[in-house]
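Lettering follows sequence order; numbering is per chain, from 1.
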Number of protein chains: 2
Amino acid sequence: MNKPSGAMSYDELRGAIAQKHRALSGRLQQIAEFVLDHPTDVALGTVAEVAERSGVPPSAIVRFAHAIGFGGFTEMQQVFRSRLVAGVAPSYKARLARMKSEEKSVLGRKPAAVLSRFVSEAQSALVTLSQSVHTRELDAATAILMKARDIYLLGLGGSFPVATHLAYVLRKLGRRVVLLDGIGGSIHEQSHAATPEDALVAISFRNYYPDTARLFPELVARRVPAISITDSLLSPIVQGASVVFEIQDMPEPALRTLVAPMCLVQALAIGMDLAAD
Amino acid sequence: MNKPSGAMSYDELRGAIAQKHRALSGRLQQIAEFVLDHPTDVALGTVAEVAERSGVPPSAIVRFAHAIGFGGFTEMQQVFRSRLVAGVAPSYKARLARMKSEEKSVLGRKPAAVLSRFVSEAQSALVTLSQSVHTRELDAATAILMKARDIYLLGLGGSFPVATHLAYVLRKLGRRVVLLDGIGGSIHEQSHAATPEDALVAISFRNYYPDTARLFPELVARRVPAISITDSLLSPIVQGASVVFEIQDMPEPALRTLVAPMCLVQALAIGMDLAAD
DNA sequence: TTGAGGGTAGAATATCTATTCCATTTATTG
DNA sequence: CAATAAATGGAATAGATATTCTACCCTCAA
């Protein structure tokens, strides 16, 4: 056995199989071909299933795994599964790099390293954003904002910067905006004038700010159309919302850059303005 | 009870879980949250593994699958696996739609095009940031913040979101922060207590907000150490500053995403906290 | 306090899993 | 052709799996 390495990438495995292909015996070659053609089946199936689909007995599958250099089918399957995980997580490389830099705690503590850490975090957040937001939601949100007379903004705690930014842009565009900041007393009173002719944009991430969780249902109950920007479908501002933008993989507050929601709200505002012409 | 068919998409399942979340009991809610946050773990893990990672007994996992409407864990797992398969083999339709929106991004008025425009704008802003900020400035700024008793934040108008975000993070880290927002009257009075033992972080971009331009020189004259974040060495908050971060190529307000300054201030705050240990 | 109902956790279980083993077949070599 | 080695397929097995079952524990109401 040449390389029975424990940690092997899928691409490396493909290379290894291709290289050993000629040296394998008939049955094992047949399995090699099937395996390269149906990697997903290997990743998710059992030995019996793979055996049946490739037309060989189960024991041959195990022998094949041994021939490639693995301890057994299960071990080989891990490599095929890693391919699936990598495919669904675009920030996989970035995360790996980040974990590496975390290990180097000496370098990781220098301000310059911290900055580049946040930059790469933000980069992957943007990639995730553009992949997870769909046209349907954008169109629906734009329509709501266009029809609205006044636009109410609800974003407290860590989300407050996003709300203030959206307020700034909307006001620049000439829209009437009510920023619910709770200054000077009850935040309820600030929102008392909201009607179904208006619209609400709510922004909230874990841990969800209590006042946000309390106020949102009230406004929804008064039939104010609501656009929610949050990190989970279980957040308190999802139930009753007309449109929900779910921004996944928001890290814990200390590492949260707000880059993704900032981009999103600005795109909403500008997109609405362009569509209005 | 609703009846999720055998052929259920992952998105539909997410919706179903979110909908039933409220009606579930404590343990089951806990599982719902874990499952939505770690879909890959559910797709590839065994009942025992999922149970351990989510901190519940295995039987609870099975009860959860039943509660959602599946015959058992295995059945539910199929849906999570379909997500992995879909991720690795994107449908031609989705690819086509994405390429179309990318083509039109220059002229595009559709909300989706606007979003991708802002995302790419933000991406390049981040690249520029990491290239233009140097270690020397970061170290100097970190030293100032560490020594400071109180930290005054000055960012008005379009820069206000950056200031509020920095205020939030610094307060989370236990630092004393004064956010100069001008609420309730003169912004001068809010800053009156600042001394050379404190520090000032000023953020301002074109067009420079008048109050910022007026207040900054006053504080500098009182020997308050100042860190400036701006877009030009000709801006009114450069003269007298101890450290200047120049973020170039900031587009006009309508296209300004604030992504770069948001990342920078957060890296400053966290970098200071890490260096303090 | 007492009683009832749903919720829960952990042990018990029947099923399925990957793997090994060995008799048989197939290929290779002198 | 004979002799030997390699490869194969299927049965046997030990271990892990999802699921079920039951005693216990809360919560709440009378």
Length of the CZ-C1' vector between F64(B) and dG7(C), whole Å:
16 Å
Would you indicate what S59(A) reaches in the nucleic acid, counting non-hydrogen atoms under 4.0 angstrom: base, sugar-phosphate, or nothing?
base
Can you measure F73(A) atom CZ to dA18(C) atom P for me and round it to whole angstrom units?
6 Å
Rounding to 10°, can you tell me the angle the first-five-pair axis of the helix from dT1(C)-dA30(D) to dG30(C)-dC1(D) makes with its last-five-pair axis?
10°
As an exercise, state the distance from CD of E75(B) to CD1 of I68(B), rounded to the nearest 0.5 Å.
12.5 Å
Distance-only, no hydrogens or angles: does the R223(A) side chain make a donor-acceptor pair with backbone N or O of P196(A) under 3.5 Å?
no
Please enumerate all residues that pass side chain to side chain donor-acceptor pair (under 3.5 Å) together with Q30(A), with sequence neighbours excluded.
R27(A)
How many whole angstroms separate atom CD of Q77(B) from atom C1' of dT17(C)?
14 Å
Is it the case that the side chain of R81(B) and the backbone of A43(B) share a donor-acceptor pair, with hydrogens and angles ignored and the cut-off at 3.5 Å?
yes
Counting N and O atoms only, with roles assigned by atom type, does the side chain of Q266(A) sit under 3.5 Å from a partner on the main chain of L166(A), one being a donor and the other an acceptor?
no
First-last contacting nucleotides on DNA chain D - partner chain A, under 4.0 angstrom, heavy atom
dA7(D) to dG10(D)
May I have the distance from H66(B) (atom NE2) to dT8(C) (atom P), rounded to whole angstrom?
15 Å
Does a side-chain N or O from R63(B) land closer than 4.0 Å to OP1 or OP2 of dT8(C), or not?
yes
Are the side chains of V162(A) and P161(B) in touch, meaning some heavy atoms are under 4.5 Å apart?
no
Whole Å only: how far is the CD1 atom of I61(B) from the P atom of dA9(C)?
10 Å
Measure from CZ on F70(A) to C1' on dA18(C) and round the result to the nearest Å.
16 Å
Under 3.5 Å: donor-acceptor pair, side chain of Q190(A), backbone of G182(A):
yes
Can you check side-chain contact (heavy atoms from CB on, under 4.5 Å) on L153(A) and V177(A), steps first, answer last?
CA-CA 7 Å; L153(A) 305 184; V177(A) 174; 3.7 Å; yes
Give a yes or no answer on whether the side chain of D198(A) reaches the backbone of T195(A) with a donor-acceptor pair at less than 3.5 Å.
yes
